[in-house]
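Quick notes on the structure that follows.
Counting convention: from 1, in listed order, for ligands and their atoms alike.
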Amino acid sequence: MIYFDHASTTSPHPEVVRVYTKLLNASFANADSLHAPGRKVKQQMERSREKIAQMLHVKNDEIFFTSCASESNSLAIVGFALANQNRGKHILTSNVEHSSTKHAFDFLESVGFEIERLPIHEDGTIWPEDIQTHLKENTILVSIMHVNNEIGSINDIERFASIVHEHPFCQIHSDCVQSFGKVDVPFEKLDMATISAHKIHGLKGSALLVKKENVRLKPIVFGGQQEQGLRGGTENAPANIALAKTIRLALEEQEEAYYTAKEINSFLRKEVEFLGGHILSPANALPYILNISFDAITSEVLQNALDQKGICVSGKSTCDSKSKAESEVVLALGKSHKEAKHAIRLSFGKDNTMQEAKEFIQAIEEILKNYGLSI
Ligand code: PLP
């Protein structure tokens, strides 16, 4: 099997699986229980929180464990809007956010918030000056992703943060799911940031929200005192404890993995163009994500043909994979409807090799031939 679908999810690191499996039995107690096993689990979880905070250069009480990035995004956006609506109801975002962000904003709009979705430019990003010109007196939040999950374009969120912070009370959230562990994330500059464990060789059902002390949120999952009262429900302690290891390994392997992805990406860009395909990802996108299309073959047909050869890729965001619609992100880039309908996303991970990239190209050649196309 060739797995080029790492933006969708990754295989858990063996070391993470080993630790987690052990914890499932050894640390099953409820972290909020007052007895000794409960206190021990609490201690392990707080040590994990502390290590994560150190690695992300934030304070311990600024790390909030959640079940997935979709939950973190929902809490950051809806929880923030509900807690801060007395200061204003205008929020800025982009027109290519992940569905969890997009739907959180659709909900806020339905209850009276003014959501402005800035269009991306041809390079797939929002420009800092766009933020500058669209901030209004009543803007309370800017929420824009760091790296786009379909095309890999990278927003300059550090610059966005400095513009937002010139505003008297506006704050900034960024969905850093596709950037964390791949490029440096400026957590110190952001008011809130989302990351997910399963995108960095961690566990599914494990994620976090970084929320600075000066950010007010209201809970959206009601319950007890867990996570400073912002997220009710018995904590998934084994996963939360294993998250520190997941993050440490991802950061240790970041540099080497980046160069592997870059090498594979550059090779594929050349070869795909040589075969008459189109490169839809911008030139300076994150090398881990490469969006391509071929005129003569739709996304669905190409994905199936690759699947039959044991090659895993996506059409667009996996959270939207069941909808037949064209990729909205590719359309937002200014590409044609055909390109948006024919787009496939390749996304690489630390264990991919150049040999796999060569086999992928060979497979594409065969598929194009089988479909009666000259190459
Ligand atoms: N944000 C981005 C940019 C993503 O790519 C994804 C997953 O595809 C998510 C959020 C949601 O992640 P999770 O599966 O942890 O909810």
Ligand 1 atoms nearer than 4.0 angstrom to some heavy atom of Met145 are 3 (C)
Practice problem: Examine distances only and state if a side-chain atom of His35 and a backbone atom of Gly38 form a donor-acceptor pair shorter than 3.5 Å. | Solution: yes
A student checking ligand 1 against Gln178 at a 4.0 Å heavy-atom cut-off should list atoms 3 (C), 4 (C), 5 (O)
Open item on the list: Between the side chains of Glu326 and Lys335, is the shortest nitrogen-to-carboxylate-oxygen separation below 4.0 Å, so that they form an ion pair?
Closed with: no
**Report entry** Lys/Arg N to Asp/Glu carboxylate O, Arg345 vs Asp5, below 4.0 Å
**Finding:** yes
Report task. For ligand 1, find out whether one of its N or O atoms is nearer than 3.5 Å to an N or O atom of Val147. Result -> no
Within the 4.0 Å heavy-atom cut-off, what Ala69 brings close to ligand 1 is both
* Asked: Less than 3.5 Å between some nitrogen or oxygen of Ser8 and one of ligand 1, yes or no?
  -> no
Quick note on ligand 1: atoms under 4.0 Å from a heavy atom of Ser196 include exactly 15 (O)
Check: Is the closest N or O pair between Ser70 and ligand 1 shorter than 3.5 Å?
Finding: yes
Distance col, row Ile144:CD1 vs Ile172:CD1, nearest 0.5 angstrom, shows 7.0 Å
| field | 4.0 Å heavy-atom contact, His198 with ligand 1 | value | yes
Would you say Glu97 contacts ligand 1, with heavy atoms under 4.0 Å as the rule? no
Taking the side chain from His342 and the backbone from Phe294, do they hold a donor-acceptor pair closer than 3.5 Å?
yes
- Carboxylate-amine/guanidinium proximity below 4.0 Å for Arg18 and Glu15: yes
For Lys199, the ligand 1 atoms with a heavy-atom partner under 4.0 Å come out as 6 (C), 7 (C), 8 (O)
Counting neighbours of CD on Glu273 that are heavy atoms of other residues, nucleotides or ligands and sit closer than 6.0 Å, is the number greater than 12? yes
